[in-house]
J.: 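Handing you this structure, nothing more for now.
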Amino acid sequence: MRIFILKNQWWLTVITASPLFFSACGDSSNAQQQQAPPAISVNAYEVTVKDVTGTDTYPGTVVPLNAVELRPQVAGYITNIYVEDGQKVAKGQKLYEIDQRKYQAAYQQAKANLQSSKANLEKVSKDLERYERLNEKEAIAQQRVDYARTDLETTKSQVAAAEAQLQSTSADLSYSIINAPFSGTVGISQVRVGAQVSPGQPLLNTLSSDDPIAVDFVINEQQIPRFNRLKQNKGEQPDSLFTIKLGDGSIYPYTGKFETIDRAVDRQTGTITLRIRFPNPERELIAGMTATVNVLNQDIGEQLLIPNKAITEQMGESYVWVIESDSVRQQNLILGTKIGTSVVVREGLDAGQNIVVEGLQRLRKGAKVRIEDTQSSAPASPEAKSTNL
């Protein structure tokens with residue numbers, strides 16, 4: 001009986017304790033469900049529209065539209081140099097003279113030979129006419145007439161050879177004077193008076209045109225369709241489509257026009273060369289200079305502008321965290337021109353939306369956020385120089 005009571009008491013104790021045990025477990029589970037993660041503190045930026053001028057930039061090199069190496073075509077000694085180093089010259093102007101004496105003598109001799117051949121031709125022609133008249137009267141042997149006709153053909157060949165010799169000596173004489181083939185500027189002379197030269201050697205000087213002048217730059221093959229459209233619509237190009245920045249940071253005062261695009265893509269680099277023509281009245285651009293070519297792109301006028309630091313790149317895509325109510329979501333973007341520390345957004349956002357600019361590292365899809373500060377303007381000025389993406 002005592003044992004039974006103890007068992008009964010134990011059983012009662014268990015029955016009594018069980019509700020308390022399950023009640024405690026239930027309270028712990030509810031507490032865990034009610035304890036949501038704390039909101040993440042972030043700084044936000046309100047997407048705004050700004051007036052910008054988007055440009056793509058490329059490294060360029062100044063090149064002349066015309067350039068030629070001046071080399072001798074006849075042998076001899078340099079007897080005169082008619083220009084100074086770096087002088088501007090006009091088309092046809094004398095530049096160098098090679099000793100002309102033997103070429104003048106050869107020309108005079110060839111001229112005399114031609115005159116002699118022509119005189120002989122005239123004599124032979126008259127002889128043939130006389131023989132043919134006598135032949136009509138049967139007063140001369142036919143063989144003599146045939147000889148006269150042969151002499152006439154031979155003399156005609158001699159005249160032709162003399163004319164060719166005269167042209168050759170005349171050319172040599174003209175080659176002894178080296179003239180400018182076009183207007184431009186000569187470089188530093190590589191020879192001095194008294195130097196001996198031969199056909200093709202040495203280089204005397206270099207002549208290049210300087211107004212107008214060109215700037216060459218390269219683009220990758222993905223950009224070819226864009227520039228082909230510009231080439232096809234040359235007449236519709238805005239005046240400020242092409243500009244250049246010089247090495248000292250100054251902007252060249254004249255704008256350029258599309259000149260040409262190279263014939264083929266370089267298969268090793270995947271690039272192709274473009275040429276822009278610029279006026280150069282003050283000769284400020286010199287062949288060989290480097291310059292930065294600025295090309296207007298589609299990001300002109302009122303554009304959405306956001307800070308670069310708001311953008312996350314992953315797997316070749318760019319996105320930002322957009323704040324909606326008190327949580328965030330990812331939004332993929334199509335970006336445009338970088339301007340200073342900001343970038344143009346072509347697709348993906350609307351003006352007035354808030355995006356996270358600080359505190360991105362802790363964000364996850366749907367995470368709760370608490371905005372500490374909201375910026376209302378981009379940190380970069382739209383006038384800042386852009387870079388090619």
J.: Does either side chain, that of Asn135 or that of Gln142, offer a donor lying less than 3.5 Å from an acceptor on the other one?
T.: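 Yes - a donor-acceptor pair under 3.5 Å links their side chains.
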J.: side-chain contact (heavy atoms from CB on, under 4.5 Å), that's the test. Do Gln158 and Asn120 meet it? Break it down for me.
T.: CA-CA 9 Å; Gln158 291 172 347; Asn120 191 36; 3.8 Å; yes
J.: So do Val159 and Lys156 actually touch side chain to side chain, heavy atoms under 4.5 Å?
T.: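 Side-chain contact under 4.5 Å: no.
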J.: Can you tell me how far CD of Gln190 sits from CG of Leu70, rounded to the nearest 0.5 angstrom?
T.: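 So the gap between those two atoms works out to 10.5 Å.
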J.: With the 4.5 Å side-chain cut-off for hydrophobic clustering, are Leu203 and Val74 part of the same group?
T.: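 No, separate clusters.
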J.: For Ser125 and Leu121, indicate whether the former's side chain and the latter's backbone hold a donor-acceptor pair under 3.5 Å.
T.: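 At least one qualifying donor-acceptor pair exists.
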J.: If I take atom CD1 from residue Ile98 and atom OH from residue Tyr96, how far apart are they, to the nearest 0.5 angstrom?
T.: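 Taking CD1 in Ile98 and OH in Tyr96, the distance rounds to 11.0 Å.
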J.: Roughly how far, to the nearest 0.5 Å, is the CZ atom of Phe217 from the CG atom of Asp56?
T.: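 One gets 9.5 Å once the value is rounded to the nearest 0.5 Å.
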J.: So, Thr185 versus Asp210: side-chain donor-acceptor pair below 3.5 Å or not?
T.: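 Note: Thr185 and Asp210 side chains meet the donor-acceptor criterion.
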J.: In the single-linkage hydrophobic clustering (I, L, V, M, F, W, Y; side-chain heavy atoms under 4.5 Å), do Tyr58 and Ile224 co-cluster?
T.: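 Yes, because Tyr58 and Ile224 connect within a single hydrophobic cluster, where side-chain heavy atoms sit under 4.5 Å apart.
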J.: Which heavy atom of Ser117 sits nearest to which heavy atom of Thr155, and what is that distance?
T.: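 Scanning both residues, the minimum pair turns out to be O-CG2, 3.9 Å.
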J.: Would you check if there is a donor-acceptor pair between the side chains of Gln108 and Tyr103 at a distance under 3.5 Å?
T.: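 On atom types as modelled, these side chains do not qualify, holding no pair under 3.5 Å.
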J.: Might you point out which heavy atoms bring Pro212 and Arg277 nearest each other, and give the distance in Å?
T.: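 Closest approach of Pro212 to Arg277: CG-NH1, 3.1 Å.
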J.: For the side chain of Ser157 and the backbone of Glu153, is there at least one donor-acceptor N/O pair under 3.5 Å apart?
T.: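 Confirmed, Ser157 side chain pairs with Glu153 backbone.
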J.: Can you label the angle between the Phe227 ring and the Phe258 ring as parallel, tilted or perpendicular, going by 30° and 60°?
T.: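 Tilted, since the angle between the ring planes falls between 30° and 60°.
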J.: Stepwise, does the side-chain contact (heavy atoms from CB on, under 4.5 Å) test hold for Glu129 with Asp127?
T.: CA-CA 5 Å; Glu129 290 176 3; Asp127 287 346; over 6 Å; no
J.: Would you check if there is a donor-acceptor pair between the side chains of Thr255 and Tyr252 at a distance under 3.5 Å?
T.: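 No, no side-chain donor-acceptor pair sits under 3.5 Å.
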J.: Between Gln87 (side chain) and Glu84 (backbone), is there a donor-acceptor pair under 3.5 Å?
T.: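 Yes, Gln87 side chain to Glu84 backbone: donor-acceptor pair under 3.5 Å.
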J.: Work out which heavy atom in Arg346 is nearest to a heavy atom in Gly336; give both atom names and the distance.
T.: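 Of all heavy-atom pairs spanning Arg346 and Gly336, the closest is NE-CA, 3.3 Å.
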J.: Starting from the C-alpha separation in whole Å, work towards a yes-or-no answer on side-chain contact (heavy atoms from CB on, under 4.5 Å) for Gln330 and Leu363.
T.: CA-CA 10 Å; Gln330 283 185 359; Leu363 296 180; over 6 Å; no
J.: Answer yes or no: is there a side-chain heavy-atom contact under 4.5 Å between Val320 and Ile306?
T.: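 A side-chain contact exists here, since the closest heavy-atom pair is under 4.5 Å.
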J.: Could you check if a side-chain atom of Asn354 sits within less than 4.5 angstrom of a side-chain atom of Glu46, using non-hydrogen atoms only?
T.: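 They are in contact (side-chain heavy atoms under 4.5 Å apart), so the answer is yes.
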J.: For Ser189, does its backbone N or O pair with a side-chain atom of Asp85 as donor and acceptor, under 3.5 Å?
T.: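 Checked: pair present.
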J.: Using atom types as modelled and distance alone, determine if a side-chain donor or acceptor of Glu122 lies under 3.5 Å from a backbone N or O of Ala119.
T.: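 No, Glu122 side chain to Ala119 backbone: no donor-acceptor pair under 3.5 Å.
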J.: Please determine, by modelled atom types, if Gln100 and Ser176 share a side-chain donor-acceptor pair under 3.5 angstrom.
T.: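 Looking only at side-chain atoms, Ser176 and Gln100 do form a donor-acceptor pair, the distance falling under 3.5 Å.
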J.: Rounded to the nearest 0.5 Å, what separates atom CZ in Arg101 from atom CG in Leu173?
T.: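 Reported to 0.5 Å precision, the distance equals 13.5 Å.
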J.: Just so I know, are the side chains of Gln201 and Gln196 near enough to count as touching, which here means a heavy-atom distance under 4.5 Å?
T.: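 No, every pair of side-chain atoms sits at 4.5 Å or beyond.
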J.: Do you know the tightest heavy-atom contact between Leu128 and Ala148?
T.: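 The answer is CD1-CB, 3.7 Å.
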J.: State the CD1-CD1 distance between Ile244 and Ile251, to the nearest 0.5 angstrom.
T.: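 Here the interatomic distance stands at 9.0 Å.
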J.: side-chain contact (heavy atoms from CB on, under 4.5 Å) for Ile40 and Val42? Distances and angles first, verdict last.
T.: CA-CA 6 Å; Ile40 301 171; Val42 297; 4.2 Å; yes
J.: Quick check on the hydrophobic clustering: are Leu65 and Leu207 connected, directly or via other members, by side-chain heavy-atom contacts under 4.5 Å?
T.: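 As far as the 4.5 Å side-chain criterion goes, Leu207 and Leu65 are not connected within one cluster.
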J.: Whether the side chain of Arg267 engages the backbone of Val265 through a donor-acceptor N/O pair (distance < 3.5 Å, no angle test) should be reported.
T.: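 Such a contact is absent between Arg267 side chain and Val265 backbone.
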J.: Could you check if a side-chain atom of Asn205 sits within less than 4.5 angstrom of a side-chain atom of Ile188, using non-hydrogen atoms only?
T.: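 No, every pair of side-chain atoms sits at 4.5 Å or beyond.
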J.: Under the 3.5 angstrom rule, does the side chain of Asn43 hit a backbone N or O of Glu358 as a donor-acceptor pair?
T.: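 Such a contact is absent between Asn43 side chain and Glu358 backbone.
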J.: According to a 4.5 Å side-chain heavy-atom criterion applied to Ile, Leu, Val, Met, Phe, Trp and Tyr, with indirect links allowed, do Ile334 and Leu305 form part of one hydrophobic cluster?
T.: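 They do not share one cluster, since no chain of ILVMFWY contacts under 4.5 Å joins Ile334 to Leu305.
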J.: Is it the case that the side chains of Arg329 and Gln331 hold a donor-acceptor pair, with the cut-off being a distance below 3.5 Å and no angle test?
T.: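 Judged by distance alone, the side chains do pair up.
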J.: Which pair of non-hydrogen atoms, one from Ser174 and one from Ala171, has the smallest distance, and what is that distance?
T.: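 Taking every non-hydrogen atom into account, OG-O, 2.7 Å.
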J.: How long is the gap from CD on Gln223 to CD on Glu221, to the nearest 0.5 Å?
T.: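 That separation rounds to 10.5 Å.
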J.: Between the side chain of Thr55 and the main-chain N/O of Val295, is any donor-acceptor distance below 3.5 Å?
T.: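 No; judged by distance alone, with no hydrogens or angles, the pair does not exist.
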J.: Going hydrophobic residue to hydrophobic residue with side-chain gaps under 4.5 angstrom, can you get from Leu204 over to Val193?
T.: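 Yes, one cluster joins them.
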J.: Which heavy atom of Ile272 sits nearest a heavy atom of Ala264, and at what distance?
T.: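 Minimum heavy-atom separation between Ile272 and Ala264: CG1-O, 3.4 Å.
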J.: Side chains of Tyr45 and Gln353: does their closest heavy-atom pair fall under 4.5 Å?
T.: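 No - every pair of side-chain heavy atoms lies 4.5 Å or more apart.
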J.: Is it true that the side chains of Ser327 and Ser325 contain a donor and an acceptor less than 3.5 Å apart?
T.: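 No donor-acceptor contact under 3.5 Å links the two side chains.
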J.: What do you reckon, is CZ of Arg192 surrounded by more than 12 foreign heavy atoms closer than 6.0 Å?
T.: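 Atom CZ in Arg192 is packed in, count exceeds 12.
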J.: Give the C-alpha distance, both sets of side-chain angles, the deciding distance and a yes or no for side-chain hydrogen bond (donor to acceptor under 3.5 Å, both in side chains) between Thr79 and Glu97.
T.: CA-CA 6 Å; Thr79 53; Glu97 179 185 287; 2.8 Å; yes
J.: Side chains of Thr206 and Glu69 only: does a donor on one sit below 3.5 Å from an acceptor on the other?
T.: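 No - no donor-acceptor pair under 3.5 Å links their side chains.
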J.: Could you check whether Lys94 makes a cation-pi contact with Tyr82, meaning its NZ or CZ is under 6.0 Å from the centre of the six-membered ring and within 45° of the ring axis?
T.: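 Yes, cation above the ring, under 6.0 Å and within 45°.
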J.: So does Lys91 get a backbone contact from the side chain of Ser183, meaning a donor-acceptor N/O pair under 3.5 Å?
T.: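 Present.
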J.: Are Val47 and Asp350 side-chain neighbours, meaning at least one heavy-atom pair lies under 4.5 Å?
T.: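 When only atoms from C-beta onward are counted, Asp350 and Val47 do not touch, as no gap falls below 4.5 Å.
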J.: Do Thr169 side-chain atoms and Gln165 backbone N/O form a donor-acceptor pair below 3.5 Å?
T.: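 At least one qualifying donor-acceptor pair exists.
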J.: Looking at side-chain heavy atoms only, is the closest gap between Val191 and Pro202 below 4.5 Å?
T.: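 The answer is yes, as the side chains (C-beta and beyond) meet within the 4.5 Å cut-off.
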